[in-house]
2 protein chains.
Amino acid sequence: MERKQQFRDYLLTQGLKSTRQREIILDAFLQSGGHLSTEELYLQIRQQHPGIGYATVHRTLKLLAGSGLAESRHFGDRQTRYEQCSGEDHHDHLICTACGAILEFEDGDIERLQQRVARQHGFHILSHRLELYGRCAKCGPE
Amino acid sequence: MERKQQFRDYLLTQGLKSTRQREIILDAFLQSGGHLSTEELYLQIRQQHPGIGYATVHRTLKLLAGSGLAESRHFGDRQTRYEQCSGEDHHDHLICTACGAILEFEDGDIERLQQRVARQHGFHILSHRLELYGRCAKCGPE
DNA sequence: CTCCAATTGAAAATGATTGTCAATTTAAGC
DNA sequence: GCTTAAATTGACAATCATTTTCAATTGGAG
């Protein structure tokens, strides 16, 4: 799988080593679908691999972020969450305050308007974060 | 001043009391301009009022958020920041990754597109957060 | 295979935030 | 103004997520 090779390449270029634990954590992360906190991933991995420590999961997630396979995000709560990212296409989030569901979306029109705002203020945008909080269709408007 | 009365009213409706400390903290907060962390406000207040404790500043900021005078925000770092808010008009942020400057802006067009996105996904938006990270005019494009 | 550097896992350290509690202060009722 | 119950304060401890430490282990280049 290409993702796994991308991670190994990243480790090589940084003078780091491939380990059994890092492979396991990478697998679990890729299978998980995204938006997991360190703790959630740790608990999940522990079921199959009780020997792997919290610190190792934490450190590996930071490596994944460095390699471009993961991106760290902070939503309302205090936990850092990591999501898979394909590398180029950016997306934003709809977050249901009732059930905690996280939906992703992209909107080129909004991005264009962001550029316009930045221009008006002499800014050069490097990245952005857009999160819409509310209630999803399932949970109803109130 | 109307703001100060708004806070006193809020305390009354909640069965809470006006105190010397809360007045001092409110004054300092209103004068500060906004985007302060608890620690920054605490350090500033301590210069004039060494007796006021960190916990009291922290608790009062939460009250201010409850009263609608302040809003808590999380930018990249782990600290909670509080900013003044007039109550109704929402604004978003341009954040310079070089010098840390925080600019505010409003853009009705973007808000309208956000509503469109929400509609498309069956969401009912209650609030949102939009932050544009980049380099400000002073710091230059790179 | 050897060896050095990187890695691991357990535990401790950190940093922001929140809780505890005895002493104090507020404000409502007299 | 005085009394009193309840809220508040401030110092300190507890908590929670995250990060570091360190001795033991492991990876992989030579």
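Residue numbering restarts at 1 for every chain, and letters A, B, ... go by the order of the sequence lines. What you see below is based on every heavy atom in this structure, not just the backbone, and it leaves out hydrogens, waters and symmetry mates. Note that the structure is a prediction, hence the values are computed from the model and not measured.
- Contact annotation: Arg22(B) reaches the phosphate of dT8(D) (side-chain N/O to OP1 or OP2, under 4.0 Å).
- A heavy-atom distance below 4.5 Å is not found between the side chains of Leu64(A) and Tyr82(A).
- Per the geometry, CD1 belonging to Ile52(A) stands 18 Å off P belonging to dT25(D), to the nearest Å.
- Residue Gln21(B) places at least one side-chain N or O closer than 4.0 Å to OP1 or OP2 of dG10(D).
- Relative orientation of the His93(B) and His91(B) rings is perpendicular, given thresholds of 30° and 60° on the angle between their planes.
- For the OP1/OP2 pair of dT18(D) and a distance below 4.0 Å, the side-chain nitrogens and oxygens of Tyr54(A) include at least one atom meeting the criterion.
- Contact annotation: Thr19(A) does not reach the phosphate of dA6(C) (side-chain N/O to OP1 or OP2, under 4.0 Å).
- The Glu39(A) side chain lies nearest to dA17(D) when the options are dA17(D), dA11(D), dA11(C).
- Closest contact between the side chain of Arg78(A) and the listed nucleotides dT20(D), dC16(D), dT18(D) involves dC16(D).
- The distance from atom CD of Gln14(B) to atom P of dA6(D) is 18 Å, rounded to the nearest whole Å.
- Following rounding to the nearest Å, Arg8(B) (CZ) and dA27(C) (C1') show an atom-to-atom distance of 15 Å.
- For the pair Gln79(A) and dC16(D), the criterion of a side-chain N or O lying under 4.0 Å from OP1 or OP2 is not met.
- Look at CD1 on Ile24(B): it is 14 Å from C1' on dT25(C), rounded to the nearest Å.
- Residue Ser37(A) is out of contact with every strand shown, counting any heavy-atom pair closer than 4.0 Å.
- Distance CG (Leu63(B)) to C1' (dT8(D)): 11 Å, rounded to an integer number of Å.
- Counting non-hydrogen atoms under 4.0 angstrom, Ser18(B) reaches the backbone sugars and phosphates but no base.
- Inter-residue side-chain proximity for Glu111(B) and Asp107(B) is flagged as unmet; no heavy-atom pair is nearer than 4.5 Å.
- Using bins of under 30°, 30° to 60° and over 60° for the plane-to-plane angle, the ring pair His121(B)/Phe105(A) lands in the tilted bin.
- For the pair Leu11(A) CG and dT26(D) C1', the interatomic distance rounds to 15 Å; values are reported in whole Å.
- Taking the side chain of Ala55(A) as heavy atoms from C-beta on, and the options dA10(C), dA7(D), dC12(D), the nearest nucleotide is dA10(C).
- Each of Thr80(B) and Leu12(B) lies near DNA chain C, and the nucleotide nearest Thr80(B) is the one positioned closer to the 5' end.
- Remark: C1' of dT26(D) and CD of Glu23(A) are 15 Å apart, rounded to the nearest angstrom.
- In terms of modelled atom types and a separation under 3.5 Å, the side chain of Arg81(A) and the main chain of His35(A) share a donor-acceptor contact.
- If you check distances only, the side chain of Arg59(B) never reaches the base of dG19(C) with a donor-acceptor pair under 3.5 Å.
- Here dT8(D) presents its C1' atom at 11 Å from CD1 of Ile25(B), a figure rounded to the nearest Å.
- Taking only side-chain nitrogens and oxygens, His58(B) comes nearer than 4.0 Å to OP1 or OP2 of dT18(C).
- Using a 4.5 Å heavy-atom cutoff, the side chains of Gln31(B) and Gln44(B) are not in contact.
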